[in-house]
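A note on names: the letters A, B, ... follow the listed sequences, proteins ahead of strands, and every chain is numbered from 1. A quick note: this is a predicted structure, and the numbers were derived from the prediction, not measured. Heavy-atom basis, side chains included; hydrogens, waters and symmetry copies ignored.
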Amino acid sequence: MKNPSVRFAPSPTGYLHIGGARTALFNWLFARQNNGKFLLRIEDTDLERSKEEYVDQITDALKWLGLNWDENIILQSNNNDRHQEMVDKMLENGTAYRCFLQKDELDKLRKESDKKKVIFRVPQTYRNLSSKEEKKLIDEGKSFTVRIKVPDGETEFNDMVYGSIKVQNKDLDDFIIARSDGSPTYNFVVAVDDADMNITHVIRGDDHLANTPKQILVYKALGLNIPIFAHLPMILGSDKKRLSKRHAATNVQEYKEKGFTPRVILNYLSLLGWNPDSEKEIFDQNELINSFEFKQVQKKSAVFDEKKLLWISQQHLSEMSVRDLMNEIYALNPEWGDGLEWDYLKEVIKLIKDRSKTITEITSMSEIFFKDKLEYDIDLLNKTFNDKSIAIIKDFQSTLTSIEDWSREEIEKIFEDIMEQHEVAIGQVMKPVRVAISGIPFGPGIFDLILLLGKEICQIRLRHALSVI
RNA sequence: GGCCCGUUCGUCUAGUGGUUAGGACUCAUGGUUUUCAUCCAUGCAACAGGGGUUCGAUCCCCCUACGGGCUGCCA
């Protein structure tokens with residue numbers, strides 16, 4: 001494969017969803033792997049539903065994911081003249097014709113066929129009209145669509161994922177390429193645009209598999225080069241239905257807000273419908289580029305599983321440097337740790353990164369390092385404290401005051417002393433101390449926690465805790 | 001209805017004409033750990049059904065079922 005050109009062609013009728021992102025990813029991987037071009041075309045010809053804000057949302061999401069495209073974005077709506085020209089060309093070269101069947105006539109025929117349980121076929125009434133007859137109808141003001149003259153025979157192509165696909169042309173009908181208002185239809189436009197962009201490989205969702213033969217007929221009618229096709233299986237929700245707005249989270253943006261990094265999303269998405277042919281599951285972008293192969297792309301649709309996503313995320317986070325984590329945190333929340341020392345923040349991250357599955361978990365757990373006094377959960381206090389543990393906290397607090405050398409050793413020693421004094425296991429000391437000092441019953445090692453927070457804050461929190469128990 | 005596509009543990013997936021059908025996530029149990037998380041160990045759990053072909057089919061062929069897509073003057 002030498003320098004292929006591929007494209008991602010979303011329509012701006014909504015945000016970029018997970019399925020679209022996966023399609024974009026596979027296009028991107030293929031282009032990058034083969035020194036090709038990854039182009040972006042916005043299919044904005046549905047004036048009713050297309051919105052400019054969605055274009056921004058989609059491009060922002062792609063940029064965030066790092067799926068950078070080459071060259072300028074192509075707006076399909078800018079190609080109107082070209083489309084018109086190509087419709088005319090087909091009319092001229094006899095591969096298309098004006099069809100004067102009206103919509104209501106067709107609807108009626110369709111209904112009748114349905115009722116009779118016969119296969120509906122578009123009547124080819126106007127397929128071979130003489131130009132004289134045609135002119136007459138136009139002069140009468142009869143509206144018409146333009147239909148392709150589907151030739152006899154069959155259309156076959158070799159899909160990179162699905163293999164050989166063959167259909168009988170008679171099953172295709174003379175489909176419309178231009179509506180009665182003159183606007184061209186999808187199956188026509190997509191072929192023309194892909195050809196104009198010199199797309200060599202069309203990689204898209206398998207919902208287009210059945211449209212492909214139609215598009216091939218357009219290529220042929222116009223004498224254009226037919227690209228290679230690769231159809232990707234769908235991504236489903238946990239109910240096994242095609243991913244849609246009804247599902248929990250489908251918007252790429254939502255995953256950003258949930259604290260997943262682009263690398264994590266890309267890694268997980270790559271594993272939906274593709275397998276690396278090895279036990280390896282954690283990949284960065286470059287590794288994906290090197291490993292990706294259509295041979296390993298699945299034909300069956302895959303269910304999106306957030307549990308596995310979380311696991312992938314956790315794996316990535318545990319491998320990330322503090323500095324990289326810092327960048328991700330700030331990307332999500334620029335105000336994180338405002339006013340605090342860099343060195344302190346670095347230590348905070350070190351203490352909690354291994355216990356977090358997402359960036360959001362890091363930022364929320366880090367809260368316990370960012371204020372003097374904590375707000376305690378009543379239930380937790382009730383569960384944690386009784387007369388004995390209160391006594392322990394009191395002793396712990398006063399012993400802490402006397403400590404001179406703020407070191408891990410000294411802190412550990414306090415715990416030991418208290419243990420002896422009260423004749424309890426170390427857990428009996430740690431649990432109440434942890435809750436008093438961090439407000440939560442889990443988290444970083446208690447010695448690390450105390451050490452990093454510093455004597456003063458610990459004192460404040462212990463006293464505060466004692467006052468509210 | 002017609003055409004096209006698909007079907008291996010709950011999920012993502014390996015796999016071969018003869019395997020104890022493998023791994024990962026989840027879940028359960030145990031261990032490590034001052035908590036939590038990690039980590040380690042163990043366990044639960046699958047070839048949609050029926051016919052062929054074959055000495056032998058999860059694998060090859062056919063049918064059925066189920067699911068999805070297309071069948072629009074949507075994209």
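Note: CG (A:L232) to C1' (B:rG68) measures 15 Å, nearest angstrom. Rounding to whole angstrom units, CG of residue A:L309 and P of B:rC25 are separated by 14 Å. The separation between A:D277 atom CG and B:rG23 atom C1' is 13 Å, rounded to whole Å. Regarding A:E361, its CD atom lies at a distance of 11 Å from the P atom of B:rU38, rounded to whole Å. Taking atom NZ of residue A:K299 and atom P of nucleotide B:rC4, one finds them 16 Å apart after rounding to whole Å. Rounded to whole angstrom, the span from the CD1 atom of A:I349 across to the P atom of B:rA37 amounts to 22 Å. Straight-line distance from the CZ atom of A:F442 to the C1' atom of B:rU33: 17 Å, rounded to whole Å. Regarding A:I282, its CD1 atom lies at a distance of 18 Å from the P atom of B:rG23, rounded to whole Å.
For A:T185, the side-chain atoms get nearest to B:rA75 when compared with the rest of B:rA75, B:rG2, B:rC4. If you check B:rA37, B:rC73, B:rC5 against the side chain of A:S180, the one that comes closest is B:rC73. In this structure, the nucleotide among B:rC70, B:rU34, B:rC36 sitting nearest to the side chain of A:R355 is B:rC36. Of the candidate nucleotides B:rA24, B:rU38, B:rU34, B:rA24 has the atom nearest to the side chain of A:W311. Closest to the A:N211 side chain, of the nucleotides B:rC4, B:rA75, B:rC5, is B:rA75. The side chain of A:R179 lies closest to B:rC74, out of B:rG15, B:rC74, B:rG6. Of the candidates B:rG68, B:rC70, B:rC73, the closest approach to any side-chain atom of A:K214 belongs to B:rC70. Of all nucleotides listed (B:rC73, B:rA75, B:rG2), B:rG2 comes nearest to the side chain of A:D171. Of the candidate nucleotides B:rU26, B:rC3, B:rG6, B:rC3 has the atom nearest to the side chain of A:V167.
On the P atoms, B:rU13 is 15 Å away from B:rG6, given to the nearest whole Å. The P atoms of B:rC62 and B:rU19 are separated by 25 Å, rounded to the nearest whole Å. Rounded to a whole angstrom, the distance from the P atom of B:rG68 to that of B:rU35 is 49 Å. When the C1' atom is compared between B:rG51 and B:rA65, the two are found 14 Å apart, to the nearest whole Å. Comparing the P positions of B:rU26 and B:rA75 gives an interatomic distance of 43 Å, to the nearest angstrom. Straight-line distance between the P atoms of B:rC5 and B:rC60: roughly 15 Å, to the nearest whole Å. The P atoms of B:rC59 and B:rU38 are separated by 39 Å, rounded to the nearest whole Å. With C1' as the reference atom, B:rG10 and B:rA28 are 14 Å apart, rounded to whole Å.
When both distances must be under 3.5 Å, the Watson-Crick or G-U wobble mate of B:rU33 does not exist. The partner of B:rU38 is absent, by the rule that a Watson-Crick or G-U pair needs both atom distances under 3.5 Å. When both distances must be under 3.5 Å, the Watson-Crick or G-U wobble mate of B:rU58 does not exist. With a cut-off of 3.5 Å on both Watson-Crick or G-U wobble distances, the partner of B:rC66 is given as B:rG6. Pair check for B:rG72 finds none; no Watson-Crick or G-U wobble contact set falls under 3.5 Å.
Nearest-nucleotide mapping onto RNA chain B: of A:Y186 and A:V122, the residue sitting toward the 5' end is A:V122. The residue among A:D354 and A:F120 whose nearest nucleotide of RNA chain B is located toward the 5' end is A:D354.
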Under 3.5 Å, sequence neighbours excluded: what are the donor-acceptor pairs made by side chains of residues 446-453 of chain A?
{"residue": "A:D448", "atom": "OD1", "partner": "A:R408", "partner atom": "NH1", "Å": "2.6"}

Quiz: residues 414-431 of chain A side-chain donor-acceptor pairs under 3.5 angstrom, not counting sequence neighbours:
{"residue": "A:H422", "atom": "NE2", "partner": "A:D395", "partner atom": "OD2", "Å": "2.6"}

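For B:rG69, the OP1/OP2 oxygens have a side-chain nitrogen or oxygen of A:R242 closer than 4.0 Å. Note on A:R110: every side-chain N or O is 4.0 Å or more away from OP1 and OP2 of B:rU71.
For the pair A:R22 and A:F26, the cation sits on the ring face: its NZ or CZ lies under 6.0 Å from the ring centre, inside 45° of the axis.
In this structure, the side chain to side chain contact (heavy atoms under 4.5 Å, CB included) partners of A:T384, at least two apart in sequence or on a different chain, are A:L380, A:P432, A:V435.
Remark: A:K280 NZ is packed, more than 12 non-hydrogen atoms of other residues, nucleotides or ligands lying under 6.0 Å away.
In this structure, A:P213 reaches neither bases nor backbone, as no heavy-atom distance under 4.0 Å exists between it and the strands shown.
Side-chain atoms of A:T155 and A:N169 form a donor-acceptor pair, as typed in the model, at a separation below 3.5 Å. Between the side chains of A:N27 and A:H201, no donor N or O sits under 3.5 Å from an acceptor N or O. Inspection of the A:Y186 and A:T45 side chains reveals no N or O donor paired with an N or O acceptor under 3.5 Å.
Among residues at least two apart or in separate chains, there is no salt bridge (Lys or Arg N to Asp or Glu O under 4.0 Å) pair with a member in residues 141-150 of chain A. Sorted by first then second residue, the side-chain hydrogen bond (donor to acceptor under 3.5 Å, both in side chains) pairs that include residues 173-185 of chain A, not counting sequence neighbours, are A:Y97-A:D174, A:Q124-A:D174, A:R127-A:D174, A:R179-A:S183, A:D181-A:S183.
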Would you list the protein and nucleotides 10-13 of chain B atom pairs, both N or O, that sit under 3.5 Å from each other?
{"residue": "B:rU11", "atom": "OP1", "partner": "A:K240", "partner atom": "NZ", "Å": "2.5"}
{"residue": "B:rC12", "atom": "OP1", "partner": "A:V303", "partner atom": "N", "Å": "2.8"}
{"residue": "B:rC12", "atom": "O2'", "partner": "A:L271", "partner atom": "O", "Å": "3.1"}
{"residue": "B:rU13", "atom": "OP1", "partner": "A:G273", "partner atom": "N", "Å": "2.5"}
{"residue": "B:rU13", "atom": "O3'", "partner": "A:N275", "partner atom": "ND2", "Å": "3.2"}
{"residue": "B:rU13", "atom": "O3'", "partner": "A:Q298", "partner atom": "NE2", "Å": "3.2"}

